[in-house]
Structures are given as C-alpha cells and as structure tokens.
Protein chains: 2
Amino acid sequence: MKLERLTDSTRREHIVRSLRELIVSGAVPAGSRLTETQLSAELGVSRAPLREAIRELVSSGLLVSQPYKGLFVRGVSRRDLEELYSLRTTLEQMAFRECWSRRDDEALSDLDARHEKLVETTERGEDPVGAIELEMKLHSWCYELSGHRLLTDAWERIMPSLQFYFTLHQRAHSRPGPRLDAHETYVALAKGSDLAAMLAHLEEHMQQGLARTMQLLRSDAEPTET
Amino acid sequence: MKLERLTDSTRREHIVRSLRELIVSGAVPAGSRLTETQLSAELGVSRAPLREAIRELVSSGLLVSQPYKGLFVRGVSRRDLEELYSLRTTLEQMAFRECWSRRDDEALSDLDARHEKLVETTERGEDPVGAIELEMKLHSWCYELSGHRLLTDAWERIMPSLQFYFTLHQRAHSRPGPRLDAHETYVALAKGSDLAAMLAHLEEHMQQGLARTMQLLRSDAEPTET
DNA sequence: GATAATAGTATTGTCGACAATATGACAAGC
DNA sequence: GCTTGTCATATTGTCGACAATACTATTATC
C-alpha cells in the first residue's frame with residue numbers, strides 16, 4: 001500500500017494554504033497592506049514560519065514585499081493577464097504534447113471521471129469558488145498526466161494567480177467565470193489524436209478566454225498595478 | 001538617470017548566492033548532506049535567514065529537504081536532464097516568439113555586445129566556470145528582451161539546475177561544455193527574421209545539446225538520483 | 001538469537017526578544 | 001520658500017534558546 005503524504009504537519013505549510021486561500025478567495029482584497037507582526041498575531045503563529053510562508057507566496061506572485069513598508073496583495077493588471085495567458089498557453093501545449101506522446105489510456109479515463117465530478121459540482125452551482133478550484137485541479141491533473149515534473153511545477157507556480165483572477169472575476173460578475181462547454185472542449189482536446197489540431201485548438205481556446213477576460217476587465221475598475 | 005537597484009543588502013540574499021555558488025560550482029558535490037546547524041556555523045549566520053535561503057534553493061531544485069534528516073545537494077539524473085531540456089526548449093521558443101514580435105533593434109545590438117564579451121572571456125579560457133555563468137546571462141538577457149516577466153521568472157527558476165549540470169560536465173571532462181559556435185548560432189537565431197525557421201533551428205539545436213549531453217552522461221558515473 | 005521497548009542523540013520546527021533599517025514628520029538653516 | 005538635517009516610529013531582519021520530532025543504538029525480554 002502506498003501512503004498519501006500527509007501534507008499538513010508543519011505550520012509553515014498550513015500558513016501558506018491559509019494565506020493563499022484568503023488572498024485567492026478575495027477575503028483579503030487586492031492592494032491590501034499586511035504586516036508580518038499583524039499577521040503573526042491574527043494567525044497565532046510566530047514570525048519565523050510566517051516569513052517562510054510569505055516568501056513562498058511572494059515567489060508565486062500573490063504578494064509583493066516592500067521592505068520596511070509592508071506586504072501588499074498583488075492585483076492582476078492587464079499586462080499580468082496577458083503574460084499569464086501566454087505562458088499558460090505555452091505550458092499547456094507542451095503538456096498536451098507530452099500526454100500525447102505517452103498515450104496513457106487508463107489515465108485518460110481518470111480524467112473523464114474528474115471532469116464528471118467537476119460538472120456535477122458546477123451545475124449544482126452552490127459553490128462557485130470551489131468550482132474554480134476544481135477546474136484548477138482538472139488542469140493540474142493534465143499536467144501530472146504528462147509525467148513532467150518540472151513542467152508541473154511551472155504550472156503550479158502560476159496557478160494561484162490564475163485562480164485569484166478567476167475568483168475576482170467571479171465575484172465581480174457573479175456569473176460562472178470558466179465555461180462548462182470549455183471544459184468539455186478541453187477534455188476532448190486532451191484525448192484527441194491529431195496533435196497539431198489539438199495544439200491549434202488549445203491556442204484558439206486560450207485566446208478566446210483572454211479576449212473575453214480583457215473585455216470584462218475593461219468594464220471593471222482598473223485593477224491594481226504591481 | 002535611472003539607478004540600478006543594489007541587490008545585496010540582506011543576509012538572506014547573500015546566503016542564497018553563496019550557497020548557490022557553492023553548489024553550482026561543484027564545491028559541494030551532488031549528494032552531499034548538509035544540516036542547518038552546520039551551515040549556519042560555517043556561514044556565520046543564524047538559522048532564521050538561512051532557512052529562508054534554503055527554501056529558495058529547494059524551490060529551484062538545487063537542494064532536497066528531508067525533514068529531520070538533513071539537506072541533500074541534488075544530483076542531475078538522466079530524467080532530470082530530459083525534463084530540463086524539454087522545458088527549456090519550450091521556454092526559449094516562446095522567448096524567441098516574443099522577441100520576434102517586438103523587434104527591438106537597439107536591444108538586439110546590445111545582445112551582440114554581450115555576446116562579444118562572452119566570446120572574449122571564453123576564448124581566453126581562463127575561467128571556464130565563469131564562462132558558463134556568462135552564457136547563462138546571455139540567455140537571461142534574451143528572456144529580458146522578450147519583456148515577459150513571468151517567462152523570465154520561469155527561466156530563472158530552472159537556470160541554476162542547468163548551470164549546475166554544465167559545471168559538473170565541465171569538471172568531468174575539463175573541456176568547454178557549451179560550444180562557442182553554438183552561441184554564434186543562438187545569437188544569429190535571436191536576430192533572425194524567419195520565425196518558423198528560428199523555432200525549428202532552436203529545437204534542433206537543443207536536441208543536439210541534449211543528445212551530446214546524454215552521451216557523455218552515459219560514460220560518467222551514474223549521477224545521484226532523487 | 002531474535003524482537004520489541006526504551007532511552008539517547010541529532011536535526012528540524014518554533015518562539016520571543018532585540019537590532020538594523022527605512023520612512024515620514026518636523027524643525028533649523030540658507 | 002526650499003532644502004537639509006534630525007528624530008521618532010513602524011517594520012522588517014536577525015539572533016539565541018527551547019520544543020518537537022524522527023532516527024539509532026542499546027538493552028531487556030522472550
């Protein structure tokens with residue numbers, strides 16, 4: 001029997017998850033100023049593990065540290081979104097290529113199962129924020145399928161920012177951000193046999209997502225820079 | 001006038017650079033076991049900033065942390081190399097695309113200048129390890145040219161591992177690892193006008209690099225796993 | 001002799017206090 | 001009025017000590 005690694009032993013990991021959740025869910029709005037002292041008091045931990053957790057969030061772009069001034073929750077600017085989408089497109093295309101060259105049918109049916117679960121949750125419509133998280137996990141699963149650890153790591157790094165944006169988006173328009181049909185398409189793509197077509201479709205898919213996103217962004221208040 | 005930001009104020013940053021240098025240069029061999037206490041004594045700093053530095057190196061894959069056992073300098077396995085090269089190829093192709101769509105002629109001539117400097121240093125042949133570092137910087141410069149911060153970050157994360165391997169390689173065979181003509185080609189590529197050709201050449205270029213590398217690896221002692 | 005309990009040791013995880021640093025307000029001088 | 005120096009304050013950076021944890025060797029027991 002293989003044991004699932006218990007992920008939560010240390011406080012540092014717990015803090016990372018707590019803080020990420022707070023930011024990504026929008027509970028702490030973009031642009032907010034935080035300080036280590038205040039956080040350590042509120043979270044009930046000392047600053048040592050807190051600082052290590054913060055570094056991690058800074059490294060994934062969710063927080064910006066301005067030494068001796070404070071920590072700021074990073075907003076998602078237009079430019080950030082463009083970069084996020086372009087890098088993401090490149091990474092997912094690569095993931096597709098890797099999956100395609102492996103052709104692991106069993107894993108692909110697992111993908112179906114996961115997709116099914118996502119659809120259920122989303123259609124019930126109870127927990128839109130949770131649905132976004134599930135969508136992220138769906139993509140993560142594809143990366144894991146590729147068996148490419150470095151690639152997966154790269155995705156995991158930009159994922160929180162993406163999730164952050166989707167949640168913002170979701171709150172602003174109280175409509176399901178990510179589209180169900182898009183997921184159908186995505187899963188179908190991942191299972192496709194014509195690689196070139198898959199890549200082209202993915203690219204178009206992403207560009208559409210970005211376009212829709214940018215359009216909505218234009219009607220929002222200008223998001224926080226840096 | 002725009003001032004360069006002084007990068008070295010804190011100890012954490014200093015430790016990161018010191019440790020990275022020690023590992024990447026091969027002064028601390030792959031597989032070595034390190035402990036926080038020992039390191040803090042040797043480096044003359046307390047464990048607080050040291051731990052933060054260590055996290056960073058773990059995150060970039062140079063160290064592996066085994067809680068309550070120690071820190072281990074990560075070797076570069078065959079599989080690691082494949083992943084490193086494939087991800088790198090994807091990222092550099094993307095960087096090329098971005099640069100190409102910008103067409104910043106001034107910046108491209110800067111690239112020439114940097115290349116010139118690299119050639120000088122390498123041809124003198126005094127400091128092979130330094131030459132590797134210069135090569136890394138040459139690539140970094142291309143990424144910066146792309147103006148894509150996220151992409152550049154992704155590169156900066158895998159760069160230390162790559163540099164690590166090149167240095168290992170260099171020491172093992174005491175021959176210039178990276179090839180000068182390859183740089184010529186690379187710079188020429190970056191300045192090219194036919195994007196599709198550029199991408200194809202880059203891919204071939206990378207595959208050749210990986211092939212040569214794997215061949216040499218086969219003759220080495222099997223590098224440390226995990 | 002083999003096995004399980006146990007104490008000892010090495011290592012990381014965490015904490016509270018202190019030092020260093022940057023910032024902003026305010027006063028002094030030109 | 002504008003600059004410049006100084007000082008108080010807020011914040012991060014660092015430290016040394018202690019607690020928790022996991023590994024190891026030893027011992028006791030069957």
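Proteins get letters first, then strands, A, B, ... in listed order; numbering begins at 1 in each. Worth saying up front: this structure is predicted, and the values here are computed from it rather than measured.
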In Å, rounded to the nearest 0.5 Å, how long is the span from CH2 of B:W155 to CG of B:L87? 10.0 Å

dist B:E156:CD -> B:L151:CG (nearest 0.5 Å) comes out at 10.5 Å

So, are B:E83 and A:R149 salt-bridged, with charged N and O less than 4.0 Å apart? no

Taking 4.0 angstrom as the limit, do B:R55 and A:E56 come out as a salt bridge? no

Rounded to the Å, how far apart are [X] [atom1] and [N] [atom2]?
X: A:L50; N: C:dG13; atom1: CG; atom2: P; answer: 16 Å
X: B:E13; N: D:dG13; atom1: CD; atom2: P; answer: 9 Å
X: B:R47; N: D:dG16; atom1: CZ; atom2: P; answer: 12 Å
X: A:K69; N: D:dT11; atom1: NZ; atom2: C1'; answer: 12 Å
X: B:Y68; N: D:dA19; atom1: OH; atom2: P; answer: 15 Å
X: A:R12; N: C:dG13; atom1: CZ; atom2: C1'; answer: 11 Å
X: B:Q66; N: C:dG13; atom1: CD; atom2: P; answer: 12 Å
X: A:L43; N: C:dC15; atom1: CG; atom2: C1'; answer: 15 Å

Please check the phosphate of C:dC15 (OP1 and OP2 only) for any side-chain N or O of A:S46 closer than 4.0 Å. yes

Determine: side-chain N/O of B:R51 to OP1/OP2 of C:dT12, distance under 4.0 Å, yes or no. no

With heavy atoms under 4.0 Å as the rule, sort A:T37 into base, sugar-phosphate or nothing. base

Pick base, sugar-phosphate or nothing for B:T35, based on heavy-atom distances below 4.0 Å to the nucleic acid. sugar-phosphate

Let's see if you can work this out: which of D:dT11, D:dT14, C:dG13 has an atom nearest to the side-chain heavy atoms of A:R33? D:dT11

B:E36 has a side chain; which of C:dC15, D:dT12, C:dG13 sits nearest to it? C:dG13

Please evaluate residues B:D80 and B:R74 with respect to the criterion salt bridge (charged side-chain N to carboxylate O under 4.0 Å, His left out), reporting the C-alpha separation (whole Å), side-chain torsions for both, the decisive distance (0.1 Å), and the verdict. CA-CA 10 Å; B:D80 289 335; B:R74 177 159 180 178; 3.0 Å; yes

